[in-house]
*Asks:* 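Sharing a structure with you now.
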Amino acid sequence: MKFKVTLIILLVSFQFVTGQETSSSKFGKGILNIVGQDSTWSMKVGARMQFLALASWENNDGELMNGKTAFLVRRARLKFDGFALTPKLTYKLQLGFTNRDMAGTSIYTSNTPRFILDAFMMWNFYKNFELWFGQAKLPGNRDGIISSANLQFVDRSILSAEFNIDRDLGIQLRHYFNLTDTFVIREALAISQGEGRNITTGNAGGFQYTGRIELLPLGLFPNKGDYIGGSIYRPETPKIAIGATYDFNHDAVKTRSNQGVFMETDSGFYETNISTFFIDAMFKYKGFSFMGEYADRNASDPIAKDEEGVPTGQIVQVGKAINLQGGYLFKNNWEIGSRFSTVDLSNSTVGPTQVDEYTLGISKYIVGHKLKVQSDVTYIDTENINSRLAYRLQFEIHF
């Protein structure tokens with residue numbers, strides 16, 4: 001019976017595809033591009049995988065010990081995008097199939113894996129105005145917005161790990177205009193549910209409000225390079241982008257704004273206002289690139305309490321962080337880069353209060369970010385805990 005069902009699905013799919021105009025693309029530009037016969041819709045199908053090997057050692061009085069190793073399929077995703085009825089109405093769907101992508105199953109996600117990463121539509125309804133609706137990345141810090149497929153290092157910095165506001169369900173309004181012939185300004189506003197992606201139980205707290213502004217005084221980056229790690233496109237003239245984001249989560253019920261764990265009590269949720277501020281910059285010129293970020297998070301009352309005012313043990317993760325990274329891409333497409341990241345959680349009383357990371361990375365871009373090998377070594381200095389040394393090697397392929 002299962003064989004018959006599978007055969008029927010394959011036959012229907014074949015009939016569907018052959019009834020449309022299809023084309024295959026160059027490597028990295030999608031597996032399949034489909035356009036309706038009447039040109040009223042399109043769909044591009046893509047896929048990508050990341051394979052990660054990592055090892056870490058603890059520094060005990062100058063001696064490396066307690067070595068640990070792991071091998072992971074870090075990411076395995078399918079992507080669909082295109083337009084419907086008009087090129088001014090586009091969409092994006094991205095599904096994740098690794099354990100990390102699907103993790104977080106709870107009653108708030110109907111006890112099901114969180115397959116859906118992105119599911120939203122974009123409507124260019126008037127001139128330079130665009131309305132987004134659905135589940136998408138919020139306009140947060142630059143490192144968090146950059147796709148995990150386009151990172152300069154194996155993974156994002158600890159600034160993003162602690163303070164990223166990632167994805168949520170809601171609406172976004174985006175706009176841009178030219179102040180001069182070269183000076184471009186972008187604005188983004190978002191109103192979202194405030195509890196992260198794939199929530200099915202409704203809004204537990206208040207809404208989340210996010211605003212971002214970006215200044216590009218020297219013009220646009222080639223191929224949207226301000227949101228791509230490394231100087232892959234080697235701009236012939238200097239390019240710089242400066243961005244600032246303010247995020248306010250009213251009556252937030254999770255420990256990291258819309259991320260972290262729910263602050264549950266016997267009678268419901270602990271609620272507190274959480275604000276997060278980001279400022280960042282990206283600079284590129286020929287093979288050189290630099291990115292800097294600053295994050296600051298505060299809460300009205302970070303210590304979660306029950307109805308009687310007794311602490312529950314859950315605490316909002318407030319604090320500050322800085323991330324500085326840069327690199328140089330040689331003409332043979334080898335890149336060497338370095339990164340310094342520091343997180344200060346001294347006002348949070350959650351775990352270590354100060355963490356510093358020093359990273360040195362080497363990457364080989366075979367077909368840009370679509371086919372690459374990346375490796376990095378990181379020294380992690382954590383307050384009141386033995387320091388650690390970590391090494392990572394990752395392969396990426398993106399169809």
Side-chain angles (χ1 to χ4, degrees), residues 48-77 96-106 113-114 117 143-144 146-164 166 229 255-256 259-261 295 313-315 317 319 321-325 327 335-346 348-364 369 372-397:
R48 68 184 181 94
M49 295 173 285
Q50 287 180 346
F51 309 100
L52 175 66
L54 63 152
S56 63
W57 302 267
E58 184 178 327
N59 181 11
N60 187 7
D61 294 329
E63 181 180 354
L64 294 179
M65 55 187 301
N66 299 326
K68 299 179 181 179
T69 59
F71 297 89
L72 299 171
V73 179
R74 180 65 181 86
R75 294 178 176 91
R77 297 179 178 177
F97 297 100
T98 62
N99 291 344
R100 286 195 177 190
D101 279 336
M102 296 186 293
T105 298
S106 69
R114 303 190 304 161
L117 292 164
D143 189 43
I146 293 175
S147 169
S148 57
N150 297 327
L151 296 176
Q152 186 172 26
F153 293 87
V154 172
D155 218 334
R156 296 184 173 91
S157 71
I158 53 175
L159 180 151
S160 290
E162 302 295 347
F163 298 109
N164 183 17
D166 199 53
T255 54
R256 292 192 291 119
Q259 305 295 302
V261 299
Q314 295 171 321
I315 303 175
Q317 193 164 298
I322 294 173
N323 178 55
L324 304 172
Q325 67 184 63
E335 182 190 48
I336 185 169
S338 62
R339 177 167 72 190
F340 168 71
S341 305
T342 181
V343 171
D344 180 0
L345 302 177
S346 56
S348 177
T349 69
V350 177
T353 57
Q354 180 81 34
V355 181
D356 297 327
E357 286 192 355
Y358 306 84
T359 300
L360 178 66
I362 298 177
S363 300
K364 171 61 175 177
H369 283 287
K372 61 183 178 180
V373 182
Q374 294 182 292
S375 65
D376 58 36
V377 60
T378 300
Y379 175 74
I380 304 135
D381 185 14
T382 305
E383 186 176 10
N384 300 322
I385 296 177
N386 286 342
S387 60
R388 291 186 298 118
L389 188 67
Y391 173 75
R392 300 182 295 187
L393 175 66
Q394 183 166 270
F395 299 85
E396 165 107 18
I397 185 167

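Below, all heavy atoms of this structure are taken into account, side chains as well, without hydrogens, waters or symmetry copies.
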*Asks:* Within this structure, what is the CD1-CZ distance for the pair Ile397 and Phe51, rounded to the nearest 0.5 Å?
*Replies:*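 Rounded to the nearest 0.5 Å, the CD1-CZ separation comes out at 7.5 Å.
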*Asks:* List the residues meeting side chain to side chain contact (heavy atoms under 4.5 Å, CB included) with Ser56, not counting sequence neighbours, and say none if there are none.
*Replies:*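 Partners of Ser56 by the side chain to side chain contact (heavy atoms under 4.5 Å, CB included) criterion, ordered by chain and then number, come out as Lys68, Arg388, Ala390.
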*Asks:* Can you confirm whether Leu151 sits close enough to Arg156 that some side-chain heavy atom of one is under 4.5 Å from a side-chain heavy atom of the other?
*Replies:*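 Leu151 vs Arg156: side chains touch.
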*Asks:* If you look at every heavy atom in Asn164 and Gln259, which pair is closest and at what distance?
*Replies:*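 Answer, listing the atom of Asn164 first, then Gln259: O-CG, 3.5 Å.
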*Asks:* Side chain to side chain contact (heavy atoms under 4.5 Å, CB included) with Ala161: which residues, sequence neighbours excluded?
*Replies:*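 Side chain to side chain contact (heavy atoms under 4.5 Å, CB included) list for Ala161, sorted by chain: empty.
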*Asks:* Can you sort out the partners of Asp155 under side-chain hydrogen bond (donor to acceptor under 3.5 Å, both in side chains), two or more places apart, ordered by chain and number?
*Replies:*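 In terms of side-chain hydrogen bond (donor to acceptor under 3.5 Å, both in side chains), with neighbours along the sequence ignored, Asp155 is linked to Arg74, Arg75.
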*Asks:* Looking at residues at least two apart in the chain, or sitting in another chain, which of them share a side-chain hydrogen bond (donor to acceptor under 3.5 Å, both in side chains) with Asn59?
*Replies:*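 Scan of Asn59 (side-chain hydrogen bond (donor to acceptor under 3.5 Å, both in side chains), adjacent residues dropped) gives Ser387.
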*Asks:* Considering all heavy atoms of both residues, which atom of Thr69 and which atom of Ala55 are nearest to each other, and what is their separation?
*Replies:*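 Closest pair (atom of Thr69, atom of Ala55, distance): CG2-CB, 3.9 Å.
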*Asks:* Please lay out, stage by stage, how Tyr391 and Trp57 fare under the test side-chain contact (heavy atoms from CB on, under 4.5 Å).
*Replies:* CA-CA 9 Å; Tyr391 173 75; Trp57 302 267; 4.3 Å; yes
*Asks:* Applying side-chain hydrogen bond (donor to acceptor under 3.5 Å, both in side chains), can you list everything that pairs with Asn323, at least two apart in sequence or on another chain?
*Replies:*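 For Asn323, the residues satisfying side-chain hydrogen bond (donor to acceptor under 3.5 Å, both in side chains) (neighbours in sequence not counted) are Gln325, Ser341.
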*Asks:* Can you name the salt bridge (charged side-chain N to carboxylate O under 4.0 Å, His left out) partners of Arg48, sequence neighbours left out?
*Replies:*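 Counting only residues at least two positions away or on another chain, Arg48 forms a salt bridge (charged side-chain N to carboxylate O under 4.0 Å, His left out) with Glu396.
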*Asks:* Could you work out, with side chain to side chain contact (heavy atoms under 4.5 Å, CB included) as the rule, every residue matching Asn99, not counting sequence neighbours?
*Replies:*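 With sequence neighbours excluded, Asn99 shows a side chain to side chain contact (heavy atoms under 4.5 Å, CB included) to Met102, given in chain and number order.
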*Asks:* Restricting to salt bridge (charged side-chain N to carboxylate O under 4.0 Å, His left out), what partner residues turn up for Glu162, sequence neighbours left out?
*Replies:*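 Counting only residues at least two positions away or on another chain, Glu162 forms no salt bridge (charged side-chain N to carboxylate O under 4.0 Å, His left out).
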*Asks:* With sequence neighbours left out, what residues match Phe97 under ring-ring contact (aromatic ring centres under 6.0 Å, His included)?
*Replies:*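 Listed in chain order: Phe115.
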*Asks:* Quick one: list whatever passes ring-ring contact (aromatic ring centres under 6.0 Å, His included) with Tyr358, sequence neighbours left out.
*Replies:*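 Applying ring-ring contact (aromatic ring centres under 6.0 Å, His included) to Tyr358 gives Phe340.
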*Asks:* Determine yes or no for a side-chain-to-main-chain donor-acceptor pair under 3.5 angstrom, with His369 supplying the side chain and Gly229 the backbone.
*Replies:*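 Yes.
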*Asks:* Walk me through it: do Thr378 and Glu357 pass the test side chain to side chain donor-acceptor pair (under 3.5 Å)?
*Replies:* CA-CA 6 Å; Thr378 300; Glu357 286 192 355; 5.2 Å; no
*Asks:* Roughly how far apart are Asp376 CG and Leu54 CG, rounded to 0.5 Å?
*Replies:*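 Spacing of CG (Asp376) from CG (Leu54) equals 10.0 Å.
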*Asks:* Got a salt bridge between Asp101 and Arg114, using NZ or NE/NH1/NH2 to carboxylate O under 4.0 Å?
*Replies:*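 The answer is no: the pair does not qualify as a salt bridge.
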*Asks:* Measure the CZ-CG distance between Arg339 and Asp143 for me, rounded to the nearest 0.5 Å.
*Replies:*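 One finds 7.0 Å between CZ of Arg339 and CG of Asp143.
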*Asks:* Taking Thr255 for its side chain and Val261 for its backbone only, find out whether a donor-acceptor pair lies under 3.5 Å.
*Replies:*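 Judged by distance alone, yes, a pair lies under 3.5 Å.
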*Asks:* Report the residues that fulfil side-chain hydrogen bond (donor to acceptor under 3.5 Å, both in side chains) with Thr342, sequence neighbours left out, ordered by chain and then residue number.
*Replies:*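 By the side-chain hydrogen bond (donor to acceptor under 3.5 Å, both in side chains) rule, Thr342 matches Gln354, Asp356.
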*Asks:* For Gly96 versus Arg77, what's the shortest heavy-atom pair and its separation?
*Replies:*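 Distance-wise, the nearest heavy atoms are CA-CG, 3.9 Å.
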*Asks:* Check ring-ring contact (aromatic ring centres under 6.0 Å, His included) between Tyr379 and all other residues, then give those that pass, not counting sequence neighbours.
*Replies:*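 Result, ring-ring contact (aromatic ring centres under 6.0 Å, His included) vs Tyr379: none returned.
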*Asks:* Measure the CD-OG distance between Gln394 and Ser375 for me, rounded to the nearest 0.5 Å.
*Replies:*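 Atom-to-atom, Gln394:CD and Ser375:OG are 10.5 Å apart.
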*Asks:* Apply side-chain contact (heavy atoms from CB on, under 4.5 Å) to the pair Phe71 and Leu52, showing each step before the final yes or no.
*Replies:* CA-CA 6 Å; Phe71 297 89; Leu52 175 66; over 6 Å; no
*Asks:* Is it the case that Glu335 and Gln374 place a side-chain donor and acceptor less than 3.5 Å from each other?
*Replies:*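 There is no such pair between these side chains.
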*Asks:* Counting distance only, does the side-chain N/O of Gln50 pair as donor-acceptor with the main-chain N or O of Phe395 below 3.5 Å?
*Replies:*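 Not confirmed, Gln50 side chain does not pair with Phe395 backbone.
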*Asks:* Scan Leu389, Ile362, Thr359 and name whichever one has a side-chain contact (heavy atoms from CB on, under 4.5 Å) with Val377.
*Replies:*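 For Val377, the side-chain contact (heavy atoms from CB on, under 4.5 Å) test succeeds with only one of Leu389, Ile362, Thr359, which is Leu389.
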*Asks:* Working to the nearest 0.5 Å, report the span between CG of Asn66 and CD of Glu58.
*Replies:*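 Nearest 0.5 Å value for the CG-CD distance: 5.0 Å.
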*Asks:* Please assess Val355 against Ile380 for the test side-chain contact (heavy atoms from CB on, under 4.5 Å), listing each intermediate value before the final yes or no.
*Replies:* CA-CA 7 Å; Val355 181; Ile380 304 135; 4.1 Å; yes
